[in-house]
Every structure is written in structure tokens, then in C-alpha cells.
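Read through the structure below, which is laid out as C-alpha cells, and then see the notes.
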Amino acid sequence: MDIEKPIIELRRVTKSFGRQRVLDDLDLRIERGKTTVIIGRSGSGKSVLLKHIVGLLRPDRGEVYFEGRRIDTLNEKTLVPIRRQISFVFQLNALFDSLTVGENVGFPMTENTARQVPKAKIRELGRRCLDIVGLAGFESKIPPELSGGEKKRVALARAIAMDPPPKIILYDEPTTGLDPPRADVINKLIRHLQHEVHVTSVVVTHDMKSALEVGDRILMLYNGRFVADGSPQALLESDSPVVKRFIEGIAEPEELATISRHADFDGRR
Amino acid sequence: MPRSNAIENWVSSFGGGLIAQLENFGRFWMFCAATVSYIAVDLFSVRGWKRLLPQCYFIGTRSVPVIMLTGTFVGMVLLVQGYDQFDNAGLIFQLGGIVNISVVSELGPVLAGVMLAGRVGGALTAELGTMNVTEQLLALRSMGAAPIRYLATPRFLACLLLAPLLTCYANIMGAFGAWLIFAVVKGTDSSIFWSSTQEMVEYWDLWTGLVKAVLFGGAIGMISCYKGFHCKPGAGGVGQACTQAFVASFITILAIDLFLNMIMNGLYERWYGFRSLI
Ligand SMILES: Nc1ncnc2c1ncn2[C@@H]1O[C@H](COP(=O)(O)OP(=O)(O)OP(=O)(O)O)[C@@H](O)[C@H]1O
Ligand SMILES: [Mg+2]
């Protein structure tokens, strides 16, 4: 296979919900073996973008390719072998409530009917992945009993516990809700998977520290398009006001003006 | 001008609503077809049974007490209502048979169905709806597992298979409840009760009731799963889906009941001639 070819490619993808246009004629090529970070304000369409990559959402216009094969026109059945090579960490974790943590982590392997992994191996791999995210011994708990950060970490363990390892991992805000040292572990984990297992990662995040640390390339989504695209260094040196404000965490003047406009919102004069 | 605008708006919203309804209807039948399509394969696989049995436990075993209670009350109420009338007319020797016919062919399956719709339908819709709004259905799809096969098929199948069994419980307890009032409370000779039952209740009545139960169970399972899979986001969406699932199941039960009664009566008359109960 041609190494230079992008593993994922979106061509002129447009997606609207009702009147709201979320993705607007978007092009994206994701390189094999690299970690691509997508940043953007809340509601800018990052999660929607990730869902297009595994066919959970279909573009209104445009095309999506996986390893050179067009996938946005495939039906659910033919998507299965492709989805089995991709792991998805959902923003809200999407752990299965009725299964234990251990069963959740083993789920992608037990349900993979195309490749039967022995039970003992599933358990062993699950145990090790839980250990990596700092949840050794949590196997028999159920997700509703866990704290927010613990759930996130179970979701991360579920995404990496695959045999063979996934080709691509899509992370939707992997470090949100984690304490800083734990977030650091996850950043290192993403790096480790890239270097040792050659996993391609796409990381959606608001966490600039994490973005700068894991990203080979950072893109910023704004109004349905990319307004920045380059190395972390290039991003830091960008002179686009939108990008600058995002990195420095400074609101736009109009946004601040809304506070004074609604100064009496609590009933005081 | 505003008047014609209002009419235009009304027409367009009516048309829009109609199209949405038709789309919904089409989606429902596609959903049914997909759910049913997995039954054959899953019945011959260990995984399929592993998914089915926990549902059978929840839908079947756990429903037995309420269903039995329902049946008992139905039998008792019918007997209390009919006793004085039949006694006065000198027909008390027929009462057991009449009550048991209505229990096994009509009230047992219908009330067991309604009970099941409330107890199981609500819970199924809430469970699947919550999974839907917390993206667990998307997670299943992203892992290459079909949510319909994984979640809807076992639930539908469990409802379909267990509704008739539960109806049997309701029937037995209905007869018992009626007997309780007849013999114990009213102090009538219980042999009259049982002999009239034996004489009047035919296998036909029993089968009619069980056929109804299968259809009720299937309808409850299908409607509840569908509503859960297609609920609107948020806690409100899940709640609304539960209400809709119950109402739709209930109305479907009544509609199926009516049609099945017409069909079964027609068949009976054609094959065995008119049957007089009085
Ligand atoms: N299924 C849907 N139906 C309607 N609108 C949707 C749907 N999914 C997303 N949207 C809208 O699309 C926009 C982008 O949503 P998305 O979840 O991608 O945001 P995001 O960039 O991931 O934000 P955040 O950082 O807060 O997670 C939002 O305004 C949202 O309201
Ligand atoms: Mg998001």
C-alpha cells in the first residue's frame, strides 16, 4: 500500500442539521502513522466530523475515503470490516451500562465474529489496558458506579484493547474531566501508541496543552471550515486573531459585551 | 393576503405532518423486517441464546407475580358480576363455563398483554432510549455490532415467546379466582363449577387466547424497541417515548384483539357452525 496516500480523506464534505450548516465544504487528509489534532470552539462540529470518519453520520454532499476506498456510500453491513479497524472514544464515553467494566473493555474483541480471540487472552488484554489507565481491579464494577474521569478512562481502555490493535483511534476529548497528571498519562499513551504500535490517531480536544504535546499537526475548525493547519509550532506563531484567541483562551469582545448587556440578569438593577 | 397565507401555512404543515407520518410508518416496518431477519441465525448460535436468556428472565420470570395477580382478579371480578344474574335466572350451573371462556379467550390474554405493555414495554423503551441518547447505540455501530441484532431481536423474541406462557398463568389464576368466589365466598358446590367448565370451554377458546397472546407479545416487543431506538434526545425524549410506546402498544392490542375475534369467529362458524352459549 502506498505510504504517501492518506489513510482517511474527506473531500468537500458538507453537513447541515436543519438550517444550521455544521461542516462547510471541508477537505481533510489524514496521514498514516501521524497524530492529527483538531481543535475548535464548542459547537464548531468536531464531534460531527469524527462521526463522518466511521460512517456514523453521512455527508449531505462530498465524499469520505478510508485507505482509498469510498465509504460514505457503503451500507451498515459493508462498513463492518472497516469499523473493526477503527476505535472511537466517544465524548460522553458511551459505555454499556448493563455490562461490567471488564465486559465493556472486552466488548470489541468478544463481538468481533470475524476473528475469534480466546477468552483468556481477552481478559488478559483487558486487564492490562485497564492497568495502563490506572483502573486495575475495576473489572467487576458497572459504569454507573464510576466517577466521570473513571468512565473516560474505561472508554480509553476499551478503545485500545483490541487484537490486532486498531489502525486508527479517534479520540473525542480524551483528557476532558481528567486531573492534570492523569491527562499527562493519556497524552503519553497516545504518543506511545503512535511510536510503538504505529497507530494513526485523530484527537479532538479543547485542551491546548494536550494538543501541543501529542499533535504532529493541528487543525482548527471554525464556522465549518479549517482556519489553521500546521505543526504545533506554526500554530503558536499564527497571527490569525481567531486562532490566537483560542490558544490564549480569550473571549471575543462581542461575547464579553453580552455580559454587560445582561448585567441585570439576576434581577438586580 | 394574510388569510391565504394562513391557509397556505396550514396546508403545508398538514402535508409536512403527513409525510413525516408516512416516513415514520415506513421506518417502523423496515425496523420490524430487520429485527425479524436476525431471528433465524440467532436461534442457532450460542451468542444469540446468551442475549436471549437474560431478556427471558426479565420479561418472563419477573412478570409472573403481577400477571398471576391480574389473572386472579379478572376471574374474581367476572364471577362477582355474573353470580346474582345467573343465580336469579337459574343458570348457575353454566356460570363457571361462561366465566372461563371469557378468561381464556379474551380477558386473560388482553389484560396480560396490557400488564406486559406497562411493565415490560415501559422498561424496554426506557432502557433502549437511554442507550440511544447516551450514544451507546452509536458505540455499538462503531464497533461493527448491529444494534438491532444485539438489542432489539432478543427483546422482541422474548416478548413473542413469553406472552403466551404468561397468558397461561393468567388463565389458570383466572379460573382459580373465579372458583374462589364461587365455592369459597358464595359457598356453592364446586363440582358444578368444574363440570360446566369442562363441558363448555373448548380447546378452540384456549388456542384463540394463545394466538392473541403471541401477537400481543410481538407487538409490544416491536413497538417498545422501535420507540426506544427512535426517541428524541434528553430525559424528556426518553419519557415521551415510554408514554408513546405504552399508548401505541395498548391501542395495537385492542385493534389486534378486534380483528382476531372477527377472524376466529368466522372460522369457527365455517368449520363447526354457530355456537350457542346461552
Ligand atoms: N444529531 C444532531 N442533530 C441536530 N444538530 C446537531 C446534531 N449533532 C450535532 N448537532 C449540532 O451541530 C453542531 C456541532 O456539534 P458537535 O457535537 O460536532 O460540536 P463539537 O465541536 O463537538 O462541540 P463540543 O466541543 O462542545 O463537543 C452543534 O451546534 C450541534 O447543535
Ligand atoms: Mg464534541
Side-chain angles (χ1 to χ4, degrees), chain A residues 17 47-48 50-58 71 74-99 103-116 119 143-144 151 154-155 158-159 161-162 166 168-173, chain B residues 16 20 27 30-31 33-35 37-38 41-42 44-55 57-59 62 123-155 158 225 228-229 232-235 238:
Chain A
F17 292 104
S47 302
V48 168
L50 280 192
K51 283 176 188 157
H52 277 83
I53 296 176
V54 276
L56 292 176
L57 287 175
R58 315 260 168 168
I71 62 165
L74 300 181
N75 63 24
E76 286 282 309
K77 247 201 191 106
T78 37
L79 272 171
V80 169
I82 291 167
R83 285 174 174 166
R84 291 217 165 112
Q85 306 172 46
I86 305 178
S87 274
F88 198 134
V89 181
F90 284 84
Q91 184 169 7
L92 299 174
N93 311 319
L95 299 176
F96 304 121
D97 291 335
S98 50
L99 304 180
E103 288 165 338
N104 261 289
V105 174
F107 193 90
M109 286 181 285
T110 31
E111 285 313 305
N112 189 342
T113 38
R115 195 193 136 90
Q116 294 287 350
K119 271 215 181 74
K151 282 183 201 159
V154 173
R158 180 172 72 179
M162 272 167 60
I168 304 178
I169 306 184
L170 309 174
Y171 299 91
D172 200 345
E173 308 204 2
Chain B
R27 252 201 338 224
M30 301 270 288
F31 181 85
T35 305
S37 72
Y38 292 115
V41 256
D42 273 6
F44 292 100
S45 77
V46 180
R47 280 160 194 279
W49 281 93
K50 271 192 188 155
R51 293 192 283 254
L52 178 61
L53 289 179
Q55 295 307 323
Y57 172 72
F58 171 71
I59 291 167
R62 298 288 299 273
L124 286 190
T125 312
E127 185 191 8
L128 296 177
T130 309
M131 291 187 76
N132 184 10
V133 300
T134 56
E135 301 196 326
Q136 292 177 51
L137 300 187
L138 286 186
L140 276 173
R141 282 169 63 200
S142 83
M143 292 173 197
I148 290 187
R149 176 177 193 171
Y150 196 79
L151 300 167
T153 302
R155 284 165 175 78
C225 290
F229 267 60
K232 297 212 177 72
V238 176

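We name chains A, B, ... by the order of the sequence lines, and we start the count at 1 in each one.
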Worksheet item: In terms of heavy-atom pairs under 4.5 Å with chain B, which of A/Val80, A/Ile82, A/Asp97 leads?
Response: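 Maximum pair count with chain B is reached by A/Asp97.
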If I measure from the heavy atoms of chain B, does [X] come under 4.5 Å with its side chain, its backbone, both, or neither?
{"X": "A/Leu170", "result": "neither"}
{"X": "A/Glu76", "result": "side chain"}
{"X": "A/Leu95", "result": "backbone"}
{"X": "A/Leu56", "result": "both"}

Discussion item. If you take the centroid of each ring, where Trp contributes its six-membered ring, are B/Tyr150 and A/Phe96 closer together than 6.0 Å?
Written reply: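 A/Phe96 vs B/Tyr150: aromatic centres not under 6.0 Å.
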Discussion item. Ignoring hydrogens, what is the shortest heavy-atom contact between B/Gly144 and A/Arg84? Give both atom names and the distance.
Written reply: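 For B/Gly144 versus A/Arg84, the nearest heavy atoms are O-NH2, 3.5 Å.
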Fill in: Nearest heavy atoms of A/Arg158 and B/Ala139, plus distance in Å
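Closest heavy-atom pair between A/Arg158 and B/Ala139: NH2-CB, 4.1 Å.
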Worksheet item: When rounded to the nearest 0.5 angstrom, what distance separates CD1 in A/Ile86 from CE in B/Met143?
Response: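 Atom-to-atom, A/Ile86:CD1 and B/Met143:CE are 13.0 Å apart.
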Fill in: A/Leu92 CG to B/Leu138 CG distance, which is reported to the nearest 0.5 Å
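That separation rounds to 10.5 Å.
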Item to complete: Measure B/Leu137 against the heavy atoms of chain A and call it side chain, backbone, both or neither at under 4.5 Å.
Response: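 Neither part.
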Practice prompt. Would you sort out whether B/Arg149 and A/Glu111 count as a salt bridge (charged side-chain N to carboxylate O under 4.0 Å, His left out), showing the intermediate values?
Written response: CA-CA 12 Å; B/Arg149 176 177 193 171; A/Glu111 285 313 305; over 6 Å; no
Worksheet item: With a cut-off of 6.0 Å (strictly less than), are more than 12 heavy atoms of other residues, nucleotides or ligands near CZ of B/Arg47?
Response: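 More than 12 heavy atoms, drawn from other residues, nucleotides or ligands, come within 6.0 Å of this atom.
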Discussion item. Is there a side-chain contact between A/Phe90 and B/Thr134 in this structure, where contact means two heavy atoms from C-beta onward sitting under 4.5 Å apart?
Written reply: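 Answer no - side chains too far apart.
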Item to complete: Walk me through it: do B/Glu135 and A/Lys51 pass the test side-chain contact (heavy atoms from CB on, under 4.5 Å)?
Response: CA-CA 11 Å; B/Glu135 301 196 326; A/Lys51 283 176 188 157; 2.8 Å; yes
Practice prompt. Apply the test side-chain contact (heavy atoms from CB on, under 4.5 Å) to residues B/Leu140 and A/Phe107: give CA-CA distance (whole Å), side-chain angles for both, the deciding distance (0.1 Å), then the verdict.
Written response: CA-CA 9 Å; B/Leu140 276 173; A/Phe107 193 90; 3.4 Å; yes
